[in-house]
Amino acid sequence: MKNNISIIILAAGKGTRMKSSLPKVLHKISGKEMLYYSIKEAQKLSDDIHVVLYHQADLVQKEMEKYFSDINFTIQDHENYPGTGGAVMGMDLKYDKTLVLNGDMPLIQKSELENFLSDDNSAIVMSVLELDNANGYGRVIIEDNSVVKIVEQKDCNETELKVNIANAGIYCFDTKFLDENLPKLSNDNAQAEYYITDLVEIAIKDNKKVTPLTVDEENFKGVNSKIDLASAEMIHQNRIKNNFMAAGVIMRLPDTIYIDESVQIEGESIIENGVTLLGDTKIVNSHIKTNSVVEDSTLEDSDIGPMARIRPKSLLKDTHIGNFVEVKKSTLDGVKAGHLSYLGDSTIDTGTNIGAGTITCNYDGKNKFQTTIGKNVFIGSNTKLIAPITLEDNTMTAAGSTISKDLKSGELVITRSKPKIIKDYFYRFFGKK
Ligand code: UD1
Ligand code: MG
């Protein structure tokens with residue numbers, strides 16, 4: 001059930017510390033942009049979501065609209081009102097309470113966000129982290145057990161820098177308080193920005209209730225640099241893999257496995273060390289051996305690898321794929337391809353064996369062409385299949401053949417040139433030893 005709450009997600013910042021031309025919130029973890037995760041969790045709680053953009057706003061909006069509809073995108077008046085406070089100005093909010101999230105927090109979870117919604121009489125419920133080292137965060141200044149204010153790192157004096165209670169950057173505001181007090185923010189600080197965090201001091205001076213809520217650092221980790229990005233992804237990967245293992249999937253050395261968040265794994269599946277599973281991949285009752293890569297493909301009752309590569313739009317059923325076999329945009333049902341092959345733009349039917357070194361020659365430099373192989377076909381080692389080509393059921397190709405004509409049921413094709421044997425040539429060339 002959705003709550004009666006508005007949510008603002010801040011995503012207008014440039015992300016200078018990322019040192020990248022890509023907007024910070026579009027950097028990916030586990031295959032999806034950081035902002036995707038904030039919106040996804042927000043959608044579980046609210047039907048009034050506002051995403052604030054500025055830097056490369058069109059690009060960020062376009063990327064997010066691939067996943068979400070019903071989101072309000074607003075552009076911050078960044079020239080006149082930079083900063084996290086400027087970002088929330090001039091919003092048309094639907095509900096009495098407003099939750100503010102940062103777009104650079106890809107690990108947030110709905111269950112923890114719900115804790116911010118239970119308090120009805122606070123002007124602000126704010127998130128607090130108790131850390132060993134609060135470097136990079138705004139510090140929460142507490143006197144006599146009460147919050148006094150938040151001071152940004154760049155504005156901290158020596159004593160404040162030593163404070164290890166940090167602002168996690170998530171707040172639930174009374175919407176009326178927000179509307180009335182945003183105009184009171186000033187930019188008189190080290191960054192000449194309008195800080196949302198200054199609303200805490202304003203509320204306290206006005207005798208309004210500010211409630212600190214201690215949160216788990218792992219879920220509220222702010223990503224500001226590529227180092228933060230890597231450590232957030234590590235946590236996210238562990239979550240993905242632990243969920244699969246809890247559901248019965250076997251993983252060998254899970255720390256060496258990489259799985260995108262969109263991947264599905266079902267049934268009695270085994271994922272060995274070094275495996276990478278990407279995009280819209282679905283693995284059902286299958287065994288993925290060491291160092292194989294699968295992207296945007298479905299595998300059912302199959303085994304692949306070690307070192308196999310299944311590229312997008314492939315469907316493998318009851319199929320065995322061995323080492324150094326690459327499959328692309330192909331449907332293989334009941335097929336064996338044990339070694340060293342490229343099978344692209346092909347359909348291969350049950351009982352068919354693909355010999356080592358077989359290549360579908362699917363590209364003529366301009367266009368891609370289809371290879372169709374029927375049931376119980378025996379493809380000899382090192383066969384080149386020049387597409388478009390169709391091999392009917394129960395056909396054979398001789399090892400080393402280059403095939404450019406279709407085969408009818410029952411036929412064998414051999415395209416070897418006649419062997420020419422020259423007696424004693426070795427001895428003439430190298431001499432007798
Ligand atoms: C902010 C908090 C800090 C807190 C930290 C937690 C402020 C002033 N500081 O600092 O107290 O410890 O988060 O991670 O709020 N953004 C805009 N418009 C802007 C500037 C930023 O939308 O003009 C967005 C960014 O895209 C980002 C979020 O606000 O998603 C936070 O901005 P960031 O620059 O990362 O703030 P921090 O320095 O991390
Ligand atoms: Mg930040």
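Just so you know, these numbers use all the heavy atoms, side chains as well, and skip hydrogens, waters and symmetry mates. As the structure is a computational prediction, the values presented were derived from the model and not from experiment. Just so you know, ligand 1 is whichever comes first in the structure, and atom 1 is the first atom listed for that ligand.
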Task: Metal proximity, Asn102 vs the Mg ion (ligand 2), N/O/S cut-off 2.8 Å - done: no

Open item on the list: Any heavy atom of Ala168 closer to ligand 1 than 4.0 angstrom?
Closed with: yes

Task: atom 23 (O) of ligand 1 [closest protein heavy-atom partner, distance rounded to 0.1 Å] - done: Gly83 N, 2.7 Å

Open item on the list: Counting non-hydrogen protein atoms only, what is the nearest one to atom 27 (C) of ligand 1? Give residue, atom name and distance.
Closed with: Leu10 O, 3.8 Å

- [ ] May I ask you to identify the nearest protein heavy atom to atom 25 (C) of ligand 1, giving residue, atom name and distance to one decimal place in Å?
- [x] Gly13 N, 3.6 Å

Task: Donor-acceptor side-chain pairing of Gln43 and Tyr67 below 3.5 angstrom - done: no

- [ ] Any atoms of ligand 1 less than 4.0 Å from a non-hydrogen atom of Gln76? List them with their elements.
- [x] 17 (C), 18 (N), 19 (C), 22 (O), 23 (O)

Open item on the list: By the definition salt bridge (charged side-chain N to carboxylate O under 4.0 Å, His left out), identify the one residue from Lys28, Lys40, Arg239 that meets it with Glu261.
Closed with: Lys40

Open item on the list: Side chains of Asn167 and Tyr171 only: does a donor on one sit below 3.5 Å from an acceptor on the other?
Closed with: yes

Open item on the list: Suppose I only count heavy atoms of Tyr137 and a 4.0 Å limit; which atoms of ligand 1 are within that range?
Closed with: 6 (C), 12 (O), 14 (O)

TODO: Please determine if Lys32 forms a cation-pi arrangement with Tyr36, meaning its NZ or CZ atom is less than 6.0 Å from the six-membered ring centre and no more than 45° off the ring axis.
DONE: yes

Task: Tyr54 and Asp77 side chains, donor-acceptor separation under 3.5 Å - done: no

- [ ] State the atoms of ligand 1, each with its element, that fall below the 4.0 Å cut-off from a heavy-atom position in Tyr195.
- [x] 8 (C)

Open item on the list: Tell me whether Gln191 reaches ligand 1 (any heavy atom closer than 4.0 angstrom to a ligand atom).
Closed with: no

Open item on the list: Please state which option from Ile170, Val128, Asn224, Thr84 has its nearest heavy atom closest to atom 8 (C) of ligand 1.
Closed with: Thr84

Task: Per-atom contacts, ligand 1 versus Glu152 - under 4.0 Å to a heavy atom - done: 2 (C), 3 (C), 7 (C), 8 (C), 9 (N), 10 (O), 11 (O)

Open item on the list: Checking contacts here: is it the side chain or the backbone of Ala11 that comes within 4.0 Å of ligand 1, counting heavy atoms only? Could be both or neither.
Closed with: backbone

TODO: Report the part of Met126 (side chain from C-beta onward, or backbone N, CA, C, O) that has a heavy atom under 4.0 Å from ligand 1; answer both or neither where that applies.
DONE: neither

Task: Protein residue, atom and distance nearest to atom 4 (C) of ligand 1, heavy-atom basis - done: Asn167 O, 3.2 Å

TODO: Could you tell me whether His236 and Tyr37 have their ring centroids closer than 6.0 angstrom?
DONE: yes

Task: Distance-only donor-acceptor check, side chains Thr347 and Thr372, under 3.5 Å - done: no

TODO: Give a rough value, rounded to 10 degrees, for the angle at the Mg ion (ligand 2) between atoms OD2 of Asp104 and OD1 of Asn224.
DONE: 80°

Open item on the list: At under 4.0 Å between heavy atoms, is it the side chain or the backbone of Thr197 that contacts ligand 1, or both, or neither?
Closed with: side chain

